[in-house]
Amino acid sequence: MAKNFYITTPIYYPSGKPHMGHAYSSIIADIFARFKRMEGYNVMFLTGTDEHGQKIQKEAEKNNKDPKLFCDELSETFRSLTKILKLTNNDFIRTTETRHNKSVKEIWKRLVKSGDIYLDKYSGWYSVSDEAYYDDDEIEEKEGKKISKISGSLVEWVEEESYFFKLSAFQKKLLDHYNKNQEFILPKSRRNEVIKFVEKGLKDLSISRTSFSWGITVPENKKHVIYVWLDALTNYLSAINFPNIDDEKYKLFWPADIHIIGKDILRFHAIYWPAFLLAANLPLPKKVFGHGWILSDDKKMSKSLGNILDPIEIIRDYGIDQLRYYLIKEVSLGNDGSISMENLKNCINNDLANNYGNLCQRVFAFIKKNCDNKIPKKVDLKESDILLIQNLKNSIPKLIGFINKQNLNEYIRIVVNFSFEANKYFNDSEPWAFKNKDRNRMNAILHTIVEHIKNISILLYPIIPISTKKVLNTIHISDKDILIENIKKDNFLNCKTELKSLDILFKKIENDN
RNA sequence: GGCGAGGUAGCUCAGUUGGUUAGAGCACAGGACUCAUAAGCCUGGGGUCGGCGGUUCGAAUCCGCCCCUCGCUACCA
């Protein structure tokens with residue numbers, strides 16, 4: 001069986017600066033990517049920016065800039081976000097790159113060849129100020145003028161020549177696919193939404209625009225640019241060297257194992273994307289996971305409420321591992337979750353500082369004082385010592401299962417529980433009581449607890465990579481040895497070399513109200 | 001309006017095919033200890049499981065009605 005794994009984030013539309021939603025999608029994907037590598041998979045983890053479309057073109061014009069140069073700047077802020085979030089993406093794709101342009105044009109040609117594209121007219125009530133089309137029943141007449149019921153703005157009847165994709169022809173094929181692949185759309189509630197939506201029937205999709213030019217042009221008609229979503233979604237293929245399907249990367253990684261997305265773009269990934277691929281006669285990705293939104297104190301973040309939480313500020317104030325941990329521990333993946341300073345503080349202090357951080361500190365300090373700063377050799381383990389280690393080892397298949405089902409909450413709950421247990425074990429075993437009367441017993445306890453810390457740290461590594469690396473480096477485990485495999489190995493600890501010093505891992509957050 | 005999900009301790013949630021005193025974490029209160037970031041450990045209080053009615057020896061769990069909350073309801077991305 002090939003041990004390859006392809007995971008993606010959405011490519012982000014850089015019309016504004018990066019926000020918590022971008023950070024959240026990226027962090028989730030990074031955790032899976034890191035875990036899979038730790039499991040021994042050859043992982044391709046992709047992120048990037050989606051740069052075409054009317055909005056960007058207008059923004060660029062407003063700023064008096066060439067759209068490409070404008071995008072270069074915007075894209076860079078997203079590229080720097082990957083560094084701030086400590087993402088381990090293997091590539092960063094931009095839809096303005098040549099490799100992507102080639103790939104989109106090939107997809108277009110395939111859709112033309114399969115007969116799923118036709119030229120027609122798109123017409124409807126259009127509001128210039130809203131940049132949106134409205135249906136007949138969304139329009140009312142007031143003082144002889146047609147306006148939108150929703151926004152109240154003026155609408156005019158417009159007709160625009162457009163290429164259409166025969167989405168309506170894919171209803172049955174899509175439903176069949178959802179049915180045969182129960183896990184194609186997750187979580188289940190999202191899957192139901194999509195199925196209900198598709199069951200109601202699908203309209204053909206307008207997939208070209210003539211009202212602006214910032215995009216990839218339709219190969220056979222220079223007046224048209226390709227609809228941004230057909231353009232954007234194709235990035236997942238461009239990055240692995242499509243259209244060269246004999247390319248090594250393409251062969252290893254397509255179909256993608258999972259697209260991580262926010263619930264707001266579910267339809268594009270769960271309906272349009274598979275339909276495009278079916279039409280292009282390409283295999284479909286295995287899974288689309290739509291996560292929820294991060295709210296601020298239970299409210300949607302907005303400028304008017306003044307409750308916007310900037311991930312970059314939070315990271316600056318509290319740290320990247322702290323944010324990563326919080327988002328995974330406190331937010332139920334798939335549901336909306338809220339971030340509050342109170343919960344963030346509790347989470348950092350309890351789980352990270354007092355629990356895992358202090359555990360490492362108390363153990364390493366004890367070893368420094370009483371064991372010449374070296375991990376004692378494994379000798380004369382008692383039942384309770386063996387049990388502690390064995391319980392964790394036994395849980396590994398279950399933990400891998402949780403990751404494969406995107407159940408990060410259950411995963412982290414179990415791993416953190418090992419850390420609670422470790423503190424209890426250390427308390428109950430009282431190594432300090434054996435300092436003068438039974439060195440052997442003391443050494444057995446210390447060896448066991450360090451072994452346990454090693455294992456917990458490996459399991460926590462995908463979530464809090466920076467801190468766990470520090471801990472593992474303290475006990476001379478190098479980055480390349482951070483593997484699930486090394487939890488199973490006995491006698492993996494280096495008992496000959498003095499431990500490196502470890503600074504406080506997580507500073508506690510003081511009350512400042 | 002239509003379709004869907006859900007209402008369990010102050011907060012976030014677990015509760016398998018109905019079966020003994022309804023669970024966890026956080027928050028709160030008390031206790032013994034000291035290796036450690038005044039950390040960790042132990043103990044405890046607190047719930048008419050949205051409301052009413054029904055099926056049953058027995059319902060948070062099944063059925064009916066009602067109340068409330070949230071999501072989706074097609075071309076900005």
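To find a chain, count down the sequence lines: A is the first, B the second, and so on, and within it residues start at 1. Here the structure is a predicted model, which is why all the values come from computation and not from measurement.
- Here the options are A:Ile261, A:Ile185, A:Leu266, A:Ile260, the test is side-chain contact (heavy atoms from CB on, under 4.5 Å), and the partner is A:Phe289; only A:Ile260 passes.
- The distance from atom NE2 of A:His19 to atom C1' of B:rA77 is 10 Å, rounded to the nearest whole Å.
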Identify the pairs formed between an N or O of the protein and an N or O of nucleotides 27-29 of chain B at a distance under 3.5 Å, and give each distance.
unit_1, atom_1, unit_2, atom_2, d
B:rA27, OP1, A:Asn350, ND2, 3.3

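- At a cut-off of 3.5 Å, with distance as the only test, no side-chain donor of A:Tyr12 or A:Thr47 sits close to an acceptor on the other residue.
- Using N1 to N3 plus N6-O4 or O6-N4 for Watson-Crick, or N1-O2 and O6-N3 for G-U wobble, each under 3.5 Å, B:rC35 pairs with nothing.
- For the segment residues 186-198 of chain A, the set of residues with a heavy atom within less than 4.0 Å of an atom of RNA chain B comprises A:Arg190, A:Glu193, A:Lys196, A:Phe197, in numerical order.
- Rounding to whole angstrom units, NZ of residue A:Lys507 and C1' of B:rA39 are separated by 17 Å.
- In this structure, A:Tyr178 places its OH atom 14 Å from C1' of B:rC72, rounding to the nearest Å.
- The side chain of A:Asn358 has B:rA36 as its nearest neighbour among B:rC76, B:rC75, B:rA36.
- When rounded to the nearest whole Å, the span between OH of A:Tyr325 and P of B:rC26 equals 10 Å.
- The nearest whole Å value for the distance from the CZ atom in A:Phe268 to the P atom in B:rA77 is 7 Å.
- Picking from B:rU34, B:rA36, B:rA39 the nucleotide with the shortest atom distance to the side chain of A:Lys508 gives B:rA39.
- Remark: A:Asp503 does not engage A:Lys470 in a salt bridge, criterion side-chain N to carboxylate O under 4.0 Å.
- For the pair A:Lys329 and A:Glu430, both in contact range of RNA chain B, the more 5′-proximal nearest nucleotide belongs to A:Lys329.
- A 3.5 Å limit on both hydrogen-bonding distances identifies B:rG71 as the Watson-Crick or G-U partner of B:rC3.
- Looking only at distances, a side-chain donor or acceptor of A:Tyr178 sits under 3.5 Å from a matching main-chain atom of A:Ala270.
- Of all nucleotides listed (B:rA77, B:rC75, B:rC35), B:rC35 comes nearest to the side chain of A:Lys369.
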Contact list (N/O, under 3.5 angstrom) for nucleotides 41-46 of chain B vs protein:
unit_1, atom_1, unit_2, atom_2, d
B:rC41, O4', A:Asn427, ND2, 2.8
B:rC42, OP1, A:Lys424, NZ, 3.3

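- Counting heavy-atom neighbours within 6.0 Å of A:Asp428 CG, excluding the residue itself, gives a total above 12.
- The nearest heavy atom of RNA chain B to A:Arg267 and to A:Val228 marks one nucleotide each, and the one closer to the 5' end goes with A:Arg267.
- Using a 4.0 Å heavy-atom cutoff across all strands shown, A:Gly357 reaches at least one base atom of the nucleic acid.
- The main-chain N or O of A:Glu51 is found under 3.5 Å from a side-chain atom of A:Thr95 such that the two form a donor-acceptor pair.
- With hydrogens and angles ignored, no donor-acceptor pair closer than 3.5 Å exists between the side chain of A:Asn354 and the base of B:rA39.
- Residue A:Leu505 is classed as a base contact, given a heavy-atom separation below 4.0 Å to a base.
- Within a 6.0 Å radius of NZ in A:Lys68, other residues, nucleotides and ligands contribute more than 12 heavy atoms.
- B:rA29 is paired with B:rU43 under the criterion used here, namely a Watson-Crick or G-U wobble arrangement in which both key atom distances are under 3.5 Å.
- A salt bridge is absent between A:Lys58 and A:Glu61: the closest approach of a Lys/Arg side-chain nitrogen to an acidic carboxylate oxygen does not fall below 4.0 angstrom.
- For A:Gln361, the listed nucleotide lying nearest its side chain is B:rA36; candidates were B:rA36, B:rA74, B:rC35.
- The C1' atoms of B:rA38 and B:rC33 are separated by 13 Å, rounded to the nearest whole Å.
- Set against B:rU37, B:rA74, B:rG40, the side chain of A:Arg362 has B:rG40 as its closest nucleotide.
- Across all strands, A:Gly262 comes closer than 4.0 Å to no nucleic acid atom at all (heavy-atom distances).
- Comparing the C1' positions of B:rC49 and B:rU21 gives a spacing of 15 Å, expressed to the nearest Å.
- When the P atom is used for both B:rC28 and B:rC66, the distance is 43 Å, rounded to whole Å.
- Nucleotide B:rG53 forms a pair with B:rC63, judged by Watson-Crick or G-U wobble geometry with both contacts under 3.5 Å.
- By the 5.5 Å and 30° criteria, A:Phe366 is not stacked with the base of B:rC35.
- Between A:Tyr163 and A:Trp108, the two ring planes are perpendicular [angle over 60°; tilted spans 30° to 60°].
- A close approach under 4.0 Å does not occur between any side-chain nitrogen or oxygen of A:Lys200 and OP1 or OP2 of B:rA74.
- Taking atom P on both nucleotides, B:rG51 is separated from B:rA9 by 11 Å, rounded to a whole Å.
- If you measure from atom CG of A:Leu266 to atom C1' of B:rA77, you get 15 Å, rounded to the nearest angstrom.
- Between A:Lys203 and B:rC75 there is no side-chain polar atom (N or O) within less than 4.0 angstrom of OP1 or OP2.
- Atom CZ in A:Arg413 sits roughly 11 Å away from atom C1' in B:rG23 (whole-Å rounding).
- Atom CG in A:Leu202 sits 10.0 Å away from atom CZ in A:Phe165 (nearest 0.5 Å).
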request  = Please test A:His291 against A:Ser25 for side chain to side chain donor-acceptor pair (under 3.5 Å), starting from the C-alpha separation and ending with a verdict.
outcome  = CA-CA 8 Å; A:His291 62 71; A:Ser25 293; 2.6 Å; yes

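- Using a 4.0 Å heavy-atom criterion, one finds that A:Leu202 contacts the bases of the nucleic acid, with or without backbone contacts as well.
- B:rU20 and B:rC67: their C1' atoms are spaced 33 Å apart (whole Å).
- Nucleotides B:rU55 and B:rG1 have their P atoms positioned 32 Å apart, rounded to a whole Å.
- Nucleotides B:rA22 and B:rU48 are separated by 13 Å at their C1' atoms, to the nearest Å.
- A salt bridge links A:Asp385 with A:Arg441; the closest basic N to acidic carboxylate O contact falls under 4.0 Å.
- Both cation-pi conditions hold for A:Arg267 and A:Phe197: the charged atom is under 6.0 angstrom from the six-membered ring centre and inside a 45 degree cone around its axis.
- A:Phe426 comes within 4.0 angstrom of a base, heavy atoms only.
- Applying the Watson-Crick and G-U wobble criteria (two distances, each under 3.5 Å), B:rA22 pairs with nothing in any strand.
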ask   = Could you walk me through whether A:His447 and A:Ile375 pass the side-chain contact (heavy atoms from CB on, under 4.5 Å) check?
value = CA-CA 6 Å; A:His447 184 93; A:Ile375 302 166; 4.0 Å; yes

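- The environment of A:Lys378 atom NZ is dense: over 12 non-hydrogen atoms of other residues, nucleotides or ligands sit within 6.0 angstrom.
- B:rU17 is unpaired under the Watson-Crick or G-U wobble criterion, no partner having all donor-acceptor distances under 3.5 Å.
- Counting only heavy atoms from C-beta on, A:Lys263 has its side chain closest to B:rG71 among B:rC35, B:rA77, B:rG71.
- Between B:rU73 and B:rA24, the two P atoms lie 40 Å apart (nearest whole Å).
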request  = Begin from the C-alpha positions of A:His224 and A:Glu161 and carry the test side chain to side chain donor-acceptor pair (under 3.5 Å) through to its verdict.
outcome  = CA-CA 9 Å; A:His224 290 252; A:Glu161 187 184 67; 3.0 Å; yes

